[in-house]
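Note on naming: letters A, B, ... go to the chains in the order of the sequence lines (proteins, then strands), and numbering restarts at 1 for each one. The figures here come from the full heavy-atom set of this structure, side chains too, leaving out hydrogens, waters and symmetry mates.
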Protein chains: 2
Amino acid sequence: MAGRGSYAKGLAKREEILRSALEVFSRQGYRGTSLRELAKAVNLSQAGILHYFDSKEQLFAEILRKRDELDGARYAETDEAAHALVAVMRHNAEVPGLVQLYANISAAATEADHPAHDYFVRRYDGMRRMFADSIRTQQTAGQFPAELDADMIATVMIATADGMQVQWMLDPERDMSDHLEYLWSLLSGIHQPDRRPSESAQ
Amino acid sequence: MAGRGSYAKGLAKREEILRSALEVFSRQGYRGTSLRELAKAVNLSQAGILHYFDSKEQLFAEILRKRDELDGARYAETDEAAHALVAVMRHNAEVPGLVQLYANISAAATEADHPAHDYFVRRYDGMRRMFADSIRTQQTAGQFPAELDADMIATVMIATADGMQVQWMLDPERDMSDHLEYLWSLLSGIHQPDRRPSESAQ
DNA sequence: GTCTATAAGTCGATAGAC
DNA sequence: GTCTATCGACTTATAGAC
């Protein structure tokens, strides 16, 4: 069952490259990074990396998947999606290179035939659904205005998070999580002006 | 004063290239476009284009500047920034290639030494200021909740617009301007729950 | 002012030694 | 499993003919 050992070792090395790459990007940023640069950073030759990954784009897509996985694990205990998003944003401010990598790849993956296109489509779909579900739960619990459209709010919150990252990178003084938290607090505090406390109005 | 004619002609040709490129991008999109492709599309050789623009990046930055100029002219009559933004979004849905170009270049310009970095820093700064001013005007006129932070709202609205573009490109069914309009209507409808109509409370 | 031709470089990917 | 070496494609930018 343990195989010839090489399989498990290969997987471990893959993982190591992924983590290494993730850390390298966090620190020194994504500057249209070539495989050669990345290889140097993880102490391997360019050919060495391609022994583990089929292509550059596949590697990049997996780096982002890995990031999502780590973020997901880190904030798994948070049941409120909005708070988790704010927490992720606060964390992102510590890893500017990753934010940059993400912005660049998500823009590129916009093209229909980009290798990571499907991944991003599914990713946003999943995030929206998760977020909207969390909102609906809060709504039934009376912790969030029931008249707001959960799907649209989820979409807008995620869009704001993405957009804030660009503005933050261009102006690091601006606090991403503050803005997101402010928006969420405003939405949470909304109450319908045209409905009376009593149901017997009119 | 008219010079030898060549100066004015050169400017006109520059303008023509810019407009052509803008239209090409609107239609067929930005696929890591090379100068050669773009040259072919505007009926010029690659070297011919570089006769008018110093480099590829400079050309791309000027294309976006041109777009801003046209958008600005088109919605100049709108005094409410939010409505102008919604209108621009509605227009953007007709020019997916441009939206893609914008997403890619703004992500790339995030890098401090990118040729268009300063342009984007100034652009966002200007947009935020303009938007916030418009909000403050509405606030004094009593047309927007006075207790909301104009600068933060402006920032968030712009961020939402940017983020919606990515989600729309990955899922064209989603209507960017609808989401933006919805968010704006929610914010506009906020009224403070803890302030009484009368000033003499407490 | 616009072209062809090409310089000079980088990239991802592959082949093959070890 | 990791390397060196190299291929071939493609890039921007330049030189120089017309």
Enquirer: Just how far, in rounded Å, is P of C:dT10 from CG of A:L38?
Expert: 18 Å
Enquirer: Going from CG on A:N43 to OG on A:S20, what distance comes out if it is rounded to the nearest 0.5 angstrom?
Expert: 8.0 Å
Enquirer: Using whole Å, report how far CD1 of A:I17 lies from P of D:dG1.
Expert: 11 Å
Enquirer: Give a yes or no on whether a salt bridge exists between A:R128 and A:D151, defined as a side-chain N under 4.0 angstrom from a carboxylate O.
Expert: no
Enquirer: Starting at CD of B:E57 and ending at C1' of D:dA13, how long is that distance when rounded to a whole Å?
Expert: 13 Å
Enquirer: With a 4.0 Å cut-off, would you call B:E69 and B:R74 a salt bridge?
Expert: no
Enquirer: Specify the separation, in whole Å, of atom CD1 of B:I49 and atom P of D:dA13.
Expert: 12 Å
Enquirer: Are the aromatic ring centres of A:F25 and A:F60 under 6.0 angstrom apart?
Expert: yes
Enquirer: Figure out the NZ/P separation between A:K56 and C:dT14, and round it to whole Å.
Expert: 15 Å
Enquirer: So what does A:L35 touch, heavy atoms closer than 4.0 Å: a base, only the sugar-phosphate, or nothing?
Expert: sugar-phosphate
Enquirer: What's the NE2-C1' distance between A:H51 and C:dA15, to the nearest Å?
Expert: 14 Å
Enquirer: Counting side-chain heavy atoms from C-beta on, which of C:dG12, D:dC3, C:dC3 comes nearest to A:L44?
Expert: D:dC3
Enquirer: Can you list the steps and then say if A:K13 with A:E16 is a salt bridge (charged side-chain N to carboxylate O under 4.0 Å, His left out)?
Expert: CA-CA 5 Å; A:K13 186 70 183 180; A:E16 184 195 323; 3.7 Å; yes
Enquirer: From CG of B:L50 over to P of C:dA7, roughly how many Å is that when rounded to an integer?
Expert: 18 Å
Enquirer: Below the 4.0 Å mark, does C:dC11 have OP1 or OP2 next to a side-chain nitrogen or oxygen of A:S34?
Expert: yes
Enquirer: May I ask you to check whether A:F144 and A:W184 place their ring centres under 6.0 Å from each other?
Expert: yes
Enquirer: Check nucleotides 4-7 of chain D for protein N or O atoms closer than 3.5 Å to its own N or O atoms and list the pairs.
Expert:
unit_1	atom_1	unit_2	atom_2	d
D:dT6	O4	A:R36	NH2	3.4

Enquirer: Which of these nucleotides, C:dA13, C:dG1, D:dA13, is closest to any side-chain atom of B:Y52?
Expert: C:dG1
Enquirer: Just so I know, are the side chains of A:V24 and A:Y30 near enough to count as touching, which here means a heavy-atom distance under 4.5 Å?
Expert: no
Enquirer: Between A:Q58 (CD) and C:dA13 (P), how many Å, whole number?
Expert: 10 Å
